[in-house]
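The structure appears right after this line, and notes come after that.
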Amino acid sequence: MKRMSRWYSRRFSRTVCLWLAFASLALHLLLLGLSSSVNQSSCEHVSSRQTHAHALRVLAYTNDTSVGSDSNGSFANQAKTETHGKEMDPSEMNTTGNQMAAKKARISVDSGPAPFNPGNTGERMGQSGSTGSKPMGPGFSKLDALFNHPLYNAPSRAIPEDDWLMRVKPKVSGGRSTQMWVSDPEIDYDSAHWNSTSDSQPPWLRFHLGISRWQLYSHRDPNTAPLVQQLSKHHIVSAVQKSGGTQLKLVISFSNYGQAMLKPMKQERDEESNYNLFYFSDFERHNAEIAAFHLDRVLGYRRIPPAVGRLVEVVKEIKDITTDHKLAKTFFTSPVGNVCFYGQCSYYCSTEHAVCGRPQELEVSMAAMLPDSSLAKRRSWRSPWRRSYSRSKVAAWETDPHYCDTVKKTAPYDKGTRLVDLIDLTILDFLMGNMDRHHYETFEKFGNNTFLLHLDNGRAFGRHSKDEPSILAPLEQCCRIRQSTLSRVRLLSLPQYRLSDVMRESLSHDPLFSVAPLLSEPHLLALDRRLSTVLQTGREVPPPLINNAFTVKRTSSQIGMAI
């Protein structure tokens, strides 16, 4: 009897072991299949078990999310992997490694300073006490909710010394401090005695010192509010015309040695560009520069220098203080008594296209200047998707649907994140309707592994009634997109974070909003329409919680891994 009992017991144990082994084998095969589907996806439509609506709900309401690398802070976090002190290129990081890192780093909402207010100088934007991303009533700020969302508050490690563009030099012993500047009272500059303490430095210098390999300024940068205040209100001591370029713009100097790029008002906000004008003959608009900065910030890029609107006195703040003799010769008084000037440039610098005050008050945009090239050299890159700038010829990419295959084999687009960086810029340009992106710039110090500067956006927001699909050619042809970019684009398509609403709210804090909204309603609504086009181009992409690879609607090439 005991022998039979032992036999049945051994048989039962073997059966259990066999079932466990079978379950383990099935689980391994399932994981292998999932891994294969992630790493070998094509650019064709992907059918996910999660519906598109569910994916958007996950984006909207998650407070504890494992997202992929951000294009800014979290991108630096994953790019700088500490493996025996060796730096890892972000483009070489595999999906498994990113998923493990995401599990270790749980995202929480930053309780630091609220996002800055570009207009109410010295004040902070978004004083609500919300720590989540759900709307909390009719008076709730969508902009606050957006900037409190985990997608905008990814954790990041300390930035290594080599990843800062500029650093304050230590005090020289036995002599005058290298940070002490003595002003000349005859040209109305303030006496400046600066040291390595950041609080003692003017906002423009703190802005320069805050530029890193990955962004121009951080998401919660407390210096941006005083910098914008300086641009909108600080005393102007000099105004000269900027050399180069096709249209009139001025370099403005402040009494604290800071500088700004001034672009004057050329046309009314609700006036569309002439349909008969080529993109290279269009006006540059002051409100476009301001709106581009806000849109760049809403998208989470932070690659456009802060820009703000200002009303300047044409006589007191330009004519009477300019040392530019060529500019001074172009001032005149119009038949109705308005003070005008036109400068010297390739386009629209004549009495027929003069810039005029009303009668002396002029709307302008003021953008913070980047560090001088003698301190931080920049490299200019010709865009592979540059237009022909001809009235009769077309560019190669306009006729070759496989043009990106050639680009991907050409440095610096053959490795690293340069290609998805350029596609980020493409999405920004499409939303703004900017066809004039022939070049872009990077800081030379960081080589090819850095962000792109999104400069010179004056020809954006020209037409709200027409979208230009050809601007999205890099996204369509290359079938690549950065994960964090697509995640934020999806987020901005939701009713509680609608792009037009957050842009309207953000622009309402600009000083010129008291004169008129920076963007007319048709332009704001066009942003939503164009955002839908971006999503349609990359429709039914797996939610960002799954992996770092995204598919774009196209059937001819393999998907690219985009961190």
Side-chain angles (χ1 to χ4, degrees), residues 71-72 75-76 79-80 87 89-91 159-167 204-205 207-217 242-246 249 251 259-261 280 289 292-293 296 301-307 367-389 395-397 403-404 406-429 434-460 474 478 480 482 485 562-563:
S71 58
N72 302 310
F75 179 52
K80 299 293 181 179
E87 181 178 320
D89 189 297
S91 63
I159 299 178
E161 190 72 19
D162 291 341
D163 282 358
W164 293 106
L165 180 65
M166 302 172 64
R167 305 307 298 155
W204 65 265
L205 182 56
F207 167 57
H208 290 176
L209 295 174
I211 299 173
S212 71
R213 179 186 294 272
W214 314 111
Q215 58 191 355
L216 284 176
Y217 57 93
K242 186 182 184 301
S243 59
T246 58
K249 44 188 170 286
V251 175
Q259 290 188 320
M261 180 74 70
F280 49 84
E289 291 287 354
F293 160 63
D296 176 86
Y301 293 161
R302 298 185 288 280
R303 301 166 197 170
I304 293 180
M369 294 282 281
L370 295 172
D372 188 85
S373 59
S374 62
L375 300 175
K377 292 184 178 179
R378 301 199 299 270
R379 181 172 178 181
S380 179
W381 303 80
R382 178 169 173 157
S383 172
W385 280 269
R386 180 184 185 271
R387 297 180 184 275
S388 66
Y389 285 80
W397 59 267
Y403 177 79
C404 187
T406 302
V407 174
K408 288 187 290 187
K409 297 175 184 177
T410 308
Y413 307 98
D414 56 342
K415 59 182 178 181
T417 61
R418 177 61 63 88
L419 186 56
V420 289
D421 287 330
L422 185 61
I423 290 172
D424 279 351
L425 181 55
T426 293
I427 293 173
L428 175 73
D429 282 335
N434 180 25
M435 301 172 65
D436 189 37
R437 189 69 67 184
H438 45 85
H439 286 78
Y440 62 86
E441 294 185 24
T442 59
F443 287 110
E444 194 172 282
K445 173 183 177 179
F446 301 132
N448 294 337
N449 192 23
T450 185
F451 70 98
L452 313 185
L453 289 164
H454 300 174
L455 305 177
D456 201 8
N457 304 286
R459 283 181 171 148
C478 295
R480 296 190 180 190
R482 176 174 268 115
T485 299
I563 294 178

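Computed from a predicted model, the values in this text were never measured in an experiment.
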Beyond-backbone contact of [X] with [Y], side-chain heavy atoms, under 4.5 angstrom:
{"X": "Arg387", "Y": "Asp436", "answer": "no"}
{"X": "Lys409", "Y": "Asp414", "answer": "no"}
{"X": "Cys404", "Y": "Tyr413", "answer": "no"}
{"X": "Trp214", "Y": "Asn449", "answer": "yes"}

Review point. Do Met435 and Asp429 pass the side chain to side chain contact (heavy atoms under 4.5 Å, CB included) test, and can you show the C-alpha distance, the side-chain angles, and the key distance before you say yes or no?
Key: CA-CA 7 Å; Met435 301 172 65; Asp429 282 335; over 6 Å; no
Spell out, as yes or no, whether a donor-acceptor pair under 3.5 Å connects the side chain of [X] to the backbone of [Y].
{"X": "Tyr403", "Y": "Trp385", "result": "no"}
{"X": "His208", "Y": "Met369", "result": "yes"}
{"X": "Thr450", "Y": "Arg213", "result": "yes"}
{"X": "Asp296", "Y": "Arg302", "result": "yes"}

Exercise for review: Go through the steps for Ile304 and Glu289 under the test side chain to side chain contact (heavy atoms under 4.5 Å, CB included), then give the verdict.
Suggested key: CA-CA 9 Å; Ile304 293 180; Glu289 291 287 354; 5.8 Å; no
Check your understanding: Does the side chain to side chain contact (heavy atoms under 4.5 Å, CB included) test come out yes or no for Leu452 and Asp424, once each step is laid out?
Key -> CA-CA 9 Å; Leu452 313 185; Asp424 279 351; over 6 Å; no
Atom of [X], atom of [Y] and distance for their closest heavy-atom approach:
{"X": "Trp397", "Y": "Arg386", "answer": "NE1-O, 2.9 Å"}
{"X": "Arg303", "Y": "Asp421", "answer": "NH1-O, 4.3 Å"}
{"X": "Gly210", "Y": "Trp164", "answer": "O-CZ3, 3.6 Å"}
{"X": "Pro371", "Y": "Arg378", "answer": "O-NH1, 3.7 Å"}
{"X": "Gly447", "Y": "Thr442", "answer": "O-OG1, 4.4 Å"}
{"X": "Arg480", "Y": "Ile423", "answer": "O-CD1, 3.1 Å"}

Could you tell me the separation between the [atom1] atom of [X] and the [atom2] atom of [Y], rounded to the nearest 0.5 Å?
{"X": "Tyr217", "Y": "Ser212", "atom1": "OH", "atom2": "OG", "value": "12.0 Å"}
{"X": "His454", "Y": "Leu216", "atom1": "NE2", "atom2": "CG", "value": "9.0 Å"}
{"X": "Arg482", "Y": "Leu422", "atom1": "CZ", "atom2": "CG", "value": "11.0 Å"}
{"X": "Lys242", "Y": "Met261", "atom1": "NZ", "atom2": "CE", "value": "4.5 Å"}
{"X": "Lys377", "Y": "Asp372", "atom1": "NZ", "atom2": "CG", "value": "11.5 Å"}
{"X": "Glu441", "Y": "Asp456", "atom1": "CD", "atom2": "CG", "value": "9.0 Å"}

Point to revise | Audit row: Thr485, Tyr301, side chain to side chain contact (heavy atoms under 4.5 Å, CB included) steps and yes/no | key: CA-CA 8 Å; Thr485 299; Tyr301 293 161; 3.5 Å; yes
Practice item. Give the ring-plane orientation class for Phe451 versus Phe443, where under 30° counts as parallel, over 60° as perpendicular and anything between as tilted. Key: perpendicular
Check your understanding: Only one of Pro474, Cys478, Ser383 forms a side chain to side chain contact (heavy atoms under 4.5 Å, CB included) with Thr426, so which one is it?
Key -> Pro474
Check your understanding: Got a sec: does the CG of Asp162 have more than 12 other heavy atoms crowding it under 6.0 Å?
Key -> no
